[in-house]
Amino acid sequence: MSHVFCMVNCNNFYVSCERVFNPTLQHVPVVVLSNNDGCVIARSNEAKALGIAMGEPAFLREQFFRKHGVRVFSSNYALYGDMSRRVMQTLAQFCPSMEVYSIDETFLAFENPRPGELTALGRQMRATVRQWTGIPVSIGLAPTKTLAKIANRFAKKHPQYEGVLDLTAMTPAEVESLLDRVEVADIWGVGRKHTRMLKSFGIHTARHLRDAPADWVRKRMTVTGLHTLLELRGRPCIELEDVAPDKKAICASRSFGKSVTTLFELREAVAAYVSRVAEKLRAQQSRAGRLQVYILTNPHKDVPQYSNAMQVALPRPTAHTPELIAAALGLLERLYRPGYVYKKAGVMATQLEPETPRQLSLLDPPEEEDARRMALMTVLDRANAKWGRGTLSYAAAGLDRPWRMRQASKSPRYTTCWGELPVVG
DNA sequence: TCTGGGGTCCTAGGACCC
DNA sequence: TCTGGGGTCCTAGGACCC
């Protein structure tokens, strides 16, 4: 049995989501900013053509945006998350094995396809997603995930492929000349450090890496680098993760929208983040054995710097918000130093373990207390799911939250909020 | 006074991903 | 005024045990 991996990637996903609900954004430069309106994290083709780079700080480009009529949006994750779900549901109809890899990417695995059949199927998938969701996608097919990613890039970048490229339908010589045109930096799994290292040894393209000695790569780039090399040779090492494994760490962190100096404000922020972590723990039916809190000043600014983290083993694994808030605030008291301007705080839960199902009849008193507390958490989660995040929250997390992130240019939550539905007429 | 080896578990740090 | 957030995996090294 052999299968062909398929990578489906949404083109300029966040921008495409904005365009679905706002036709005036077609054919003009559009960018979407990160949380806190910090830097550029999505660009339309027109914005790319203007030379706007991924990750550029937005405040350095404000003049430029105005001058070139660039339409700027804060990120709207309620919208993008919902659109992503629609795209994935559409794709799932074409293939039983699917791994949703990120908000805008998914792998599919086709078993024993007939030669050449997948290009046509890819075209059909692409047209269907476009028609049902409004989102344009590109599709790459190959014998390994790493090669499917490469095929996907070509499908997206070169219009002659009409959005679909199947490496299994090409000759070895054709694949080779394609790998000649891929820089090592653009290979999935090769980052900045390894790029610099490889180039210093004269390895510049995917073909060079494919043909490098395996044991040398193993030594220099660990076993993950070896897997990349083997996958470039067409030997699958990275399997499809059909069922998403439980997360091993869950965190929540944010930069502040305004400067924060007092312990009071930090307490509110940390309590809010830890509430979020607790929700995620319960959503995965896990409890945390350890909790970490960190705070830091703005490393980009020329001000006195302080950054520190502390963690604690919890008395018992828990997903109970008040217990976690108490632990986090205890850590914060010890971390806090007055006299600094804080920019960011974060909370991370680790040593997660599954919430064990309990038999009600066998409860001893402490477990009964535990069950009662978790029942309250369930009520809270249901209310927040139904009426929106933050409907019920702990007072420790603050009310007006002046430290909240900035989102000056957010579009409506067109699809997930009754009050923000687009009006036709 | 000086001297082992083998194994496990945990954490920190680095590299990577989107 | 102003530079994102949330994860994974691998390895080295320390602590501890026999």
Side-chain angles (χ1 to χ4, degrees), chain A residues 7-10 12-14 31-42 53-63 65 72 74-77 80-81 84 99-107 145-146 149 152-153 184-198 218-228 237-238 241 244-260 273 276-277 280-281 284 289-290 292 294 296-303 309-313 341 343-352 402-403 405-409:
Chain A
M7 151 100 320
V8 185
N9 190 311
C10 302
N12 313 331
F13 182 53
Y14 298 169
V31 298
V32 176
L33 307 183
S34 64
N35 277 328
N36 235 359
D37 294 345
C39 46
V40 175
I41 55 169
M54 191 72 172
E56 267 192 280
F59 76 96
L60 291 176
R61 284 287 210 166
E62 268 169 29
Q63 287 240 325
F65 291 161
V72 179
S74 303
S75 42
N76 183 347
Y77 285 102
Y80 311 150
S84 172
E99 170 190 347
V100 176
Y101 180 66
S102 75
I103 194 166
D104 68 339
E105 283 176 291
T106 190
F107 286 105
K145 282 181 162 183
T146 303
K149 290 278 263 186
N152 181 282
R153 278 179 60 87
V184 282
D186 295 329
I187 302 169
W188 187 46
V190 180
R192 252 191 7 260
K193 287 282 166 60
H194 287 329
T195 294
R196 207 181 324 141
M197 186 277 295
L198 289 170
R218 167 80 175 80
K219 206 161 65 204
R220 290 258 167 194
M221 299 170 70
T222 81
V223 68
T224 47
L226 176 63
H227 288 163
T228 300
C237 299
I238 309 170
E241 285 196 358
D246 275 356
K247 291 183 189 1
K248 297 170 180 172
I250 287 179
C251 49
S253 69
R254 287 281 180 285
S255 300
F256 304 129
K258 68 178 263 300
S259 58
V260 163
Y273 304 162
R276 186 71 194 113
V277 165
K280 294 195 215 176
L281 282 169
Q284 165 174 300
R290 266 184 111 74
Q292 181 186 70
Y294 61 89
L296 47 91
T297 51
N298 189 342
H300 300 293
K301 276 181 105 171
D302 189 19
V303 294
M310 282 189 189
Q311 47 175 294
V312 65
V341 179
K343 180 59 182 169
K344 181 176 179 178
V347 173
M348 177 156 63
T350 54
Q351 289 187 357
L352 310 191
W403 38 266
M405 65 181 178
R406 271 173 304 113
Q407 289 187 304
S409 330

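In this text the structure is predicted, and so the values were computed from the model without any measurement.
- Minimum atom distance to the side chain of A:Lys248 is reached by C:dT8, of the listed C:dT11, C:dT8, C:dG4.
- Using bins of under 30°, 30° to 60° and over 60° for the plane-to-plane angle, the ring pair A:Phe256/A:Tyr273 lands in the parallel bin.
- Contacts of A:Glu105 with the nucleic acid, taken as non-hydrogen atoms under 4.0 Å apart, involve only primed sugar atoms and P, OP1 or OP2.
- Ranking C:dG5, B:dA15, C:dC10 by closeness to the A:His194 side chain, first place goes to B:dA15.
- The side chain of A:Asn298 places an N or O atom within less than 4.0 Å of a non-bridging phosphate oxygen (OP1 or OP2) of C:dT3.
- Residues A:Lys145 and A:Met7 form no side-chain contact, since every pair of their non-hydrogen atoms from C-beta on lies 4.5 Å or further apart.
- Minimum atom distance to the side chain of A:Lys193 is reached by B:dC16, of the listed B:dC16, C:dT11, C:dC2.
- A distance-only check finds a donor-acceptor pair linking the side chain of A:Asp37 to the backbone of A:Ala408 [under 3.5 Å].
- Residue A:Arg192 places no side-chain N or O under 4.0 Å from the OP1 or OP2 atom of B:dG14.
- Remark: A:Lys301 is not in phosphate contact with C:dT1, judged by side-chain N or O atoms under 4.0 Å from OP1 or OP2.
- Stem analysis of DNA chain B (at least three stacked-register Watson-Crick or G-U pairs, each with both distances under 3.5 Å) gives B:5-18 with C:5-18.
- If you check every strand for non-hydrogen atoms under 4.0 Å, A:Lys258 touches nothing.
- Here A:Ile250 lies in heavy-atom contact (under 4.0 Å) with sugar-phosphate atoms only.
- Ranking C:dT3, C:dC9, B:dC18 by closeness to the A:Ser102 side chain, first place goes to B:dC18.
- Whole-Å rounding puts the A:Phe107 CZ to B:dC17 P distance at 12 Å.
- Look at A:Gln351 and you'll find a side-chain N or O under 4.0 angstrom from OP1 or OP2 of B:dT11.
- Checking the phosphate oxygens (OP1, OP2) of C:dG5, a side-chain nitrogen or oxygen of A:Lys344 falls inside 4.0 Å.
- Across the protein-nucleic acid pair, A:Tyr80 atom OH and C:dG6 atom C1' stand 17 Å apart, rounded to whole Å.
- When the C1' atom of C:dT3 is taken as reference, atom CE of A:Met405 falls 15 Å away, rounded to whole Å.
- Residues A:Val40 and A:Phe65 have side chains in contact (heavy-atom distance under 4.5 Å, counting atoms from C-beta outward).
- Look at NZ on A:Lys145: it is 12 Å from C1' on B:dC17, rounded to the nearest Å.
- Counting to the nearest Å, the P atom of C:dG7 and the OH atom of A:Tyr273 are 15 Å from each other.
- Contact annotation: A:Lys149 side-chain N/O to B:dC17 OP1/OP2 distance is not under 4.0 Å.
- Using a 4.0 Å heavy-atom criterion, one finds that A:Arg290 contacts the sugar-phosphate atoms exclusively.
- Residue A:Ala58 is out of contact with every strand shown, counting any heavy-atom pair closer than 4.0 Å.
- Nearer the 5' end of DNA chain C, as judged by each residue's closest nucleotide, is the contact made by A:Phe59, out of A:Thr224 and A:Phe59.
- A donor-acceptor distance shorter than 3.5 angstrom exists from the side chain of A:Ser75 to the backbone of A:Leu33, with no hydrogens or angles considered.
- As judged by a 4.0 angstrom heavy-atom cut-off over every strand, A:Leu226 is placed among residues making no nucleic acid contact.
- OP1 or OP2 of C:dG7 has not a single side-chain nitrogen or oxygen of A:Lys247 nearer than 4.0 Å.
- You'll find that the side chain of A:Arg254 is closest to C:dG6, out of B:dC18, C:dG4, C:dG6.
- In this structure, A:Val223 and A:Arg218 have side chains that are in contact, with non-hydrogen atoms separated by less than 4.5 Å.
- If you measure from atom CE of A:Met221 to atom P of B:dC16, you get 7 Å, rounded to the nearest angstrom.
- One interatomic measurement links the two molecules: CZ of A:Phe256 to P of C:dT1, which rounds to 19 Å at whole-angstrom precision.
- A:Arg218 has a side-chain polar atom (N or O) that falls below the 4.0 Å cut-off from OP1 or OP2 of C:dT11.
- Side-chain atoms of A:Gln292 never come within 3.5 Å of backbone atoms of A:Gln311 as a donor-acceptor pair (strictly under, hydrogens ignored).
- The side chain of A:Gln311 places an N or O atom within less than 4.0 Å of a non-bridging phosphate oxygen (OP1 or OP2) of B:dA12.
- When each of B:dC18, C:dT11, C:dG4 is scored by its nearest atom to the side-chain atoms of A:Tyr101, the top-ranked nucleotide is B:dC18.
- C:dC2 atom C1' lies 7 Å from atom NZ of A:Lys343, rounded to whole Å.
- Around the NZ atom of A:Lys258, the shell of radius 6.0 Å holds more than 12 heavy atoms that belong to other residues, nucleotides or ligands.
- For A:Lys280, whose side chain is taken as the heavy atoms from C-beta onward, the closest listed nucleotide among C:dG6, C:dT3, C:dT11 is C:dG6.
- When distances are taken from the side chain of A:His300 to each of C:dC10, C:dT3, C:dG6, the shortest belongs to C:dT3.
- C:dG4 sits 15 Å from B:dC17 when the C1' atoms are compared, rounded to a whole Å.
- Comparing A:Gly257 and A:Ala249 against DNA chain C, the residue whose closest nucleotide sits nearer the 5' end is A:Gly257.
- Contact check for A:Leu281 versus A:Leu352: side-chain heavy atoms found under the 4.5 Å cut-off.
- The residue A:Asp37 sits apart from the nucleic acid: no heavy atom pair falls under 4.0 Å.
- The shortest distance between the side-chain N/O atoms of A:Ser253 and the OP1/OP2 oxygens of C:dG6 is below 4.0 Å.
- When atom types are taken as modelled, the side chain of A:Glu56 and the backbone of A:Ala53 share a donor-acceptor pair closer than 3.5 angstrom.
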